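What follows is one structure encoded as structure tokens, with my remarks underneath.
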Amino acid sequence: MKHILYALNGTFLMLLVPALFVLALRQLSHEANQKLVNTFGFNSQIIVGGLGIIVHELSHLIMAIIFGHHINAVSLLRIPSNTNDMSLGYVKHTWSPTSTYQKVGNAFIGIAPVLGCTLLIYIIMRTLNTPISLVQNQLTTQLLSNGNALNWNFLTHSWIYIFELFQLNFDSIWHSIVALLLVISLCFGGFDLSEADISSGKYAFLGLIGITFIMLLLVSFLGFHAALLPFLVNITVWIYLVFIISIVILAIINLIMYIRVVLVKSF
């Protein structure tokens with residue numbers, strides 16, 4: 001029974017909770033883009049979210065290549081020239097209907113932008129000396145010393161550490177500014193998943209749930225969980241941190257633009 005509980009707990013924390021973050025990010029990103037377009041025009045989302053759009057499409061492309069799809073046409077960033085095609089980028093690909101591997105690839109191609117943007121945000125924040133590495137180490141250490149238990153004491157202290165993510169280091173203020181601008185672009189253009197992305201990605205997600213549960217069950221049954229726990233906790237913590245940073249940034253941007261609209265209407 002304890003092996004099953006271990007696998008269920010790990011699957012919940014590593015996949016189900018991040019999935020809720022992704023849905024929240026998608027909604028916030030979509031609303032932010034809508035407000036941006038309504039306020040500054042259609043091309044403003046290209047200016048603000050250009051990097052995110054490129055990474056979004058590049059992630060689709062890389063995953064399509066990994067799964068052996070034939071690439072017909074690619075545009076990582078485009079300005080629509082007519083109302084019949086308002087896409088800001090695309091990856092057109094075909095696959096063999098007789099290849100199970102290529103058909104499975106469609107599901108992972110759908111969620112690829114989330115993987116690509118999350119990884120790049122983490123790399124940017126580590127490269128530009130933001131506090132993310134320090135906070136990640138603090139939370140991982142505290143969680144492991146807490147017996148991997150999410151009790152009230154841990155949750156209270158974790159928010160104190162998370163606040164450190166948004167503290168500016170004036171010794172490297174330009175690093176912080178550049179990191180913020182790059183992350184904003186990735187949040188705007190990268191996490192705004194299309195209906196097709198969500199539709200195909202849900203199958204990959206269900207598959208990942210099954211694979212993760214079975215792997216964790218085997219790890220626990222074979223007695224490897226103690227050795228793998230620090231690695232799994234560390235990975236999960238940095239994913240949570242990236243999602244939290246992205247959600248906070250998009251929530252603040254949405255709030256600012258909402259207040260601006262209200263003030264404009266008031267006057």
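Just so it is clear, the structure is predicted and the values come from calculations on it, not from any experiment. Position 1 is the first residue of the sequence; numbering continues from there.
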Next item on the list: Describe, in one word, how the ring planes of W95 and H93 are oriented to each other, choosing from parallel (under 30°), tilted (30 to 60°) and perpendicular (over 60°).
Entry: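 Plane angle between 30° and 60°, so tilted.
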Which atom pairs, one a donor and one an acceptor, fall under 3.5 Å between side chains of residues 70-77 and the rest of the protein, sequence neighbours left out?
from: H70; atom 1: NE2; to: N72; atom 2: OD1; distance (Å): 3.3

Margin query: Between S29 and C187 (side chain of the first, backbone of the second, donor and acceptor by atom type, cut-off under 3.5 Å), is there such a pair?
Written below: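 Looks like yes, one N/O pair under 3.5 Å.
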Margin query: Taking L5's backbone N and O only, do any of them form a donor-acceptor pair with N9's side chain (distance below 3.5 Å, no angle check)?
Written below: no
By side-chain hydrogen bond (donor to acceptor under 3.5 Å, both in side chains) - contacts of [X] (at least two apart):
X: T94; answer: none
X: T127; answer: none
X: T100; answer: none
X: Q34; answer: none

Donor-acceptor contacts, no H, no angles, side chain residues 229-237, under 3.5 Å, sequence neighbours left out:
from: N234; atom 1: OD1; to: Q136; atom 2: NE2; distance (Å): 2.8
from: N234; atom 1: OD1; to: T140; atom 2: OG1; distance (Å): 3.4
from: T236; atom 1: OG1; to: L232; atom 2: O; distance (Å): 2.8

Note to self: Taking side chain to side chain contact (heavy atoms under 4.5 Å, CB included) as the definition, give me every residue that meets it alongside L180, ordered by chain and number, with sequence neighbours left out.
What the structure shows: I184, I249
Margin query: I'd like to check the side chain to side chain contact (heavy atoms under 4.5 Å, CB included) partners of L206; sequence neighbours left out, ordered by chain and number.
Written below: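 Residues passing side chain to side chain contact (heavy atoms under 4.5 Å, CB included) with L206: none at all.
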Checklist line | Sequence neighbours excluded, every pair satisfying side chain to side chain donor-acceptor pair (under 3.5 Å) that has a member inside residues 180-191 | finding: none
Margin query: Considering only residues two or more places apart or on different chains, which pairs with a residue in residues 246-259 satisfy side chain to side chain donor-acceptor pair (under 3.5 Å)?
Written below: K35-N254
Check: Is it the case that more than 12 heavy atoms not belonging to F42 sit under 6.0 Å from its CZ atom?
Finding: yes
Notebook entry, point to check: Which salt bridge (Lys or Arg N to Asp or Glu O under 4.0 Å) pairs, counting each pair once, include a residue from residues 5-29, with sequence neighbours left out?
Noted result: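 Those involving residues 5-29 are R26-E195.
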Item checked: From CA spacing to verdict: side-chain contact (heavy atoms from CB on, under 4.5 Å), V17, Y240 -> CA-CA 9 Å; V17 175; Y240 275 45; 3.2 Å; yes
Next item on the list: Enumerate the residue pairs fulfilling ring-ring contact (aromatic ring centres under 6.0 Å, His included) with a member in residues 98-119, sequence neighbours excluded, ordered by first and then second residue.
Entry: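 Residue pairs with at least one partner in residues 98-119: F67-Y101, F67-F108.
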